[in-house]
Structure formats: C-alpha cells, structure tokens
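Every chain is numbered from 1 and lettered A, B, ... according to where its sequence line falls, protein lines coming before strand lines. Because only heavy atoms are used, hydrogens play no part in the values below, and waters and symmetry mates are left out as well, while side chains stay in.
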Amino acid sequence: MRNPALLPARIWMGMFFAAPLAIICCYGFLTRGDYGGVERPWTFENFARLIDPLYAAVVWRSIWIAGAATAFCVILGFPLALFIARAGKHAGLYLQLVLLPFWTSFLIRTYAWIFLLRDTGLVNSALESLGVIRSPLPLLYNDGAVLIGLVYNFLPFFVLPAYATIERLDPALLEAAADLGARPLSTLFRVTIPVSAPGIVAGAVLVFVPCFGAYLTPDLLGGGKSVMIGNLIQNQFTTARDWPFGSAASMLLMFASALLLAWLMRSRIGRELM
Amino acid sequence: MPAVLELRDLVKDFTGQRAVDHVSLSLETGGFYSLLGPSGCGKTTTLRMIGGFETPTSGEVLLDGANVNALKPYERDVSTVFQNYALFPHLTAFENVCFGLREKGVGDRENRAMRALDMVELASKRDRRPAQLSGGEKQRVALARSLVLEPKLLLLDEPLAALDPKLRKQMRAELKAMQRKTGITFLFVTHDQEEALSLSDKLAVMNTGRIEQFGAPEDVYLRPRTAFVAGFLGAINWFGKAGVRPESTRVCREEPSGVPCRRAAVESSLFLGSCVHINAVLEDGGRATAEMAREQNHFREGEAVWLYWEHCDELRFDEHRPQ
C-alpha cells in the first residue's frame, strides 16, 4: 500500500463496487434456482438467451428510445446552452434554473409527469375546457411519454458540458468568421458547433448511457407497455425470479455503456476533454 | 484618387471612458500604415471600429469614400489578422484559407487557396491543423487566410507580439515584402516603435485616444510635434526644455566651446555590441544617456564629464516635458 490515505477509498470501492460487480458477474454464469437465487452448474446459457429475438428486440428498443431521447436533448439543449453561454452576468442564474429540478427527487419529478399527461391530467383537461378536443388524448403509458420523461430528466446532463465548452470558445474565432464574410448562421454551423463538438458529444454520451439503462421512467410513464432493458432486468430479479438471466442482461448493459465511454475517451474528442 | 480609408472625427466611449477621442485619418491605396501607441491608447479600438467589431459613438468610417458605419464585419471589404491569429482549430491550414473564399462565394477556391499558401511558403503544411503549427506558421496561415480574399484594406492587430524576438524580425521583413507584392493597403497596429518605424510608409502615433502625429517615420522621429511622440519614438534626454536624442548627445572630458553643454558624472557604461551607452547623472539630478561608437568607450564610472550637443539636434516643444 503506497499511500495509506487511500485505504478507506480502496475498502469502499472493494466492498461496494468490485465485490457486487464480481457477484453479478458470477451469477450471470450460474443456473437459476427453483425459488429464486442461483445454483450450479456454471453455464453460458444466460448470455446465449440474450440473442433470442424476444430479448434482442428489447435491447434494440432501448437503443432506439435512448437514441431518440439523446437526439431531443441535443436539439433542445444546444440552443439552451448557447443562450446561457451568451447571457453574460445572468449565466449563473440560468444554470441554477437548469439544475433546480435536481432539488426534488427523481421519483417525484417523474410522478409529476403522470399528473400532467394522464387522461384527467392538466394537459388533457386544459385542452378539453378550451374545446380543442372532446375525448382525452392518449398522452400517458406509451413511448412518447417515456421519451418526454427521459428528455426532461436528463436534459441538464447535456446542457452542462455543452455550456462549458461553448463558454470557453474564443470570441475571436467568431469575430474571425464574421471578418471572413460568414453571417451569424454560417458562423454557428461552421465554427461554433464544430469547435464545441467535444462538449456536445460528451453531453450526448452522458444522456445516452443512463437513458439506455433507464427503468423507473419507462416503468412509471410507459405503464409496463414500453419495456426497456432496465425493466427486463428488474423483472428478472423480482417477478420472474431468474437472477442469472438478470445478471447476464446487466453485464450486457454495463459492457455496452463501457464500450461507448471507451470510444469517447480514445477519440480526439475525449483527448480534448481530458 | 479617393482615400481607401478615411476616419472622420471618430469617437468611442466605453461606459464613461473615452477610448478613442476625435480621430481623423486618411490612408491612400497601396501603402503600409501603422497605428503606434502604448497599450490602452485606443489603437486597437480604432482598428476594431474599422473592422466593424465596435460601433463608433460618433464620427464616420469611410471605405473608398462610402460610409460603412452601419455595415457588419461580414459586409465590409476589409480583413483582420488577429493578435492571437484566431485560426479555426478544427480546420487544416488549407481549410482555414478556404473559409472566407467559400463564405464570399468565390470560384476556383482550391487554386486560390493553394496560391495563397504558396505565397506564405506553407504549401507543404496545408493539411496540418493549427495545433500542429508553430507560432510563425500560424501567423502566416492567418495572413494567407486574409490576403486570399484580396481585401481593400488589411488590418493587423499586433500580429508579431506573440512571436519570439528573432522570428519577429524575420516576419517583419516578410510582412513588408507581402504588402509590396500584393499592393493591398496594410494598417498595422503595434506598441513597438521599432516595428512601426521600420515597416511604415506613414505612421500615426496615438496617445490617450488621440492621434498626436501622423507622418513618414523619418519626419515623426526627427521632428516630433509633441513631447509624448519624442519620448515614445525612441529615448530622449531632457536638458531643461530641450530634448536631445541619445545618438545626438556626446561626451567629453574638457569643457566644449560654442555648443550647449552640461556637467555630468558617468554612472555606468553599457556595452551593447554595436555601440556603447554612457549613462550619466546631471548636476540637477536628472539623467541622460549618450549613445557612442564602441572605440570611444574610455569613460570610467564616477568620472566627471561634459555632455554636449548641436543646436540643430534639439527638439523643442511648447508644452512641458512629461513626468
């Protein structure tokens, strides 16, 4: 032990990170017990089952929904980050506002969307009383609701790194672009966005990774109809009582996220971020 | 022929502070001009108003006789070489040079950009990004990026300040050569009097937002109109109300006759290679420097001497000397 001061951190990481990870990894290669739990023999079958079209569809669906949520976060978050970066002395206030939702629990924020989107919720009753619609729109318990919930919850994860890179952008670059004949829109697409690409990609990965593994949002807002890989894992450990398969799916999720992060860190963008 | 650039009574205020104070200036096509002054004198602000990055509080900027006050930078036919070059970090040298050509919809971009890179001798490094280029190379890319657009006027904001001294001298010569070759009017902002003197056809000395003198380097150096100009464009010794340049100040042991002179004591003698600087303390406590040829270096520290000069080398000003 070279540095004794690191000992508590090492114990912590060992007990609460390495050990649980090792347990999940082992479970993934064991056989399901009759009443939950795991038993021998060791097997690869749990991983093989993930290729089953039924489960592969869930994986693809998760990728699709997380991808869509990420795309919306980028489309909504980049103009917001740009606005905050250009807001001068009010930038601090706007950043606080972006972070304000974090002061309440994730669960409560997600429940709030149920109150907004359900048949007797705020949106539907407002539209009904305005006479725009006669019967409530199916806003809740579908992919759209899951998407709204994910975008809403993870938008700040995109805005913060995007803001940080745009804010660091040398204003002389924008002046140089104008000097060379570029109008503001052209400057945005040819200078601002490419130069802040590292922040945009970092923010997108920060959104995609937790969205990919999300389970609470699809559970509450998707009403069980919109199954993502997170829900699949949760089911294996609860109702299905198939811990080994749940562990195998967890490993897949973790591996996919790790690959994405590794790619990010090894790319030019990652080197610029470090 | 109308002036390529004319400034009429240009004023710029920043929250109660006057940065540029009634500046008027007229530049003819094809010259190399400098705005020279200490930092904070308003020279960069003046340049930024010409480029369109600052709006004048009052006064006019005219390009080829037309008022451009209301035009955005991208609508003005001038280009700027920024102090820290402001090269686009995500683009190669070649792409940086192409940037403006594409924005302005110029045809035959590849060839034009290559010719510009050739001119600054960077054709071999066309695919390097700014991070892979040295300071001098970045400087050249910035120059090529602006010159390729063939602007009416090229603005250079202390472009040599970030380079090391040796490179600075080399780039200085290249800048001058480039200006002569292209025939584009250059307006060069600097706080380095040597740069301004050696490069300019005409230079304007600025102080506290005003132009104190505008003229050919020789004129301004030999016949400075104000004490500030005299002091800023090289060293000056003050003998009462008369200012004398160190190279016109002489030292001797015997009292000279027929010329103005002062008693002094040698404080130090500095060998500078091509010449020697004798620093002396006058009887009234003032200091003076005499620049002499090497072989005359026989004065010891503490030695009592006479400083003298010719009447015709005296610079006289109506106002009081600075300090």
Sorted by chain and number, sequence neighbours left out, salt bridge (charged side-chain N to carboxylate O under 4.0 Å, His left out) with B:Arg8 holds for B:Glu6, B:Glu60
Most heavy-atom pairs under 4.5 Å with chain B, out of A:Pro171, A:Pro184, A:Ser186, A:Ala182, belong to A:Ala182
For B:Asp21, is there an ion pair with B:Lys12 - N to carboxylate O distance below 4.0 angstrom? no
When you check the side-chain N and O atoms of B:Glu195 and B:Thr190, is any donor under 3.5 Å from an acceptor? yes
Hey, are B:Glu103 and A:Arg190 close enough for a salt bridge, meaning a charged N less than 4.0 Å from a carboxylate O? yes
Can a donor-acceptor pair be found between the side chains of B:Ser34 and B:Ser200 at a distance below 3.5 Å? yes
Contacting moiety of B:Phe53, where chain A heavy atoms sit under 4.5 Å: side chain
Would B:Thr80 and A:Asp179 count as having a side-chain donor-acceptor pair, cut-off 3.5 Å? yes
Between B:Phe99 and chain A, which part of the residue has a heavy atom less than 4.5 Å away: side chain, backbone, both or neither? both
Okay, side chain of B:Asp13, backbone of B:Gly16: is any donor-acceptor separation there less than 3.5 Å? no
Chain B contact via A:Asp170 - which portion, at a heavy-atom distance below 4.5 Å: neither
Side chain, backbone, both or neither: which part of B:Leu87 has a non-hydrogen atom closer than 4.5 Å to chain A? backbone
Side chain, backbone, both or neither of B:Glu75 within contact of chain A (heavy atoms, under 4.5 Å): side chain
What option among B:Lys72, B:Gln83, B:Arg102 has the most heavy-atom pairs under 4.5 Å with chain A? B:Arg102
Sort out for me which of B:Pro73, B:Pro151, B:Gly52 touches chain A most, counting heavy-atom pairs under 4.5 Å. B:Pro73
Examine whether an atom of B:Arg76 lies under 4.5 Å from a heavy atom of chain A, and if so say whether it belongs to the side chain, the backbone or both; otherwise answer neither. neither
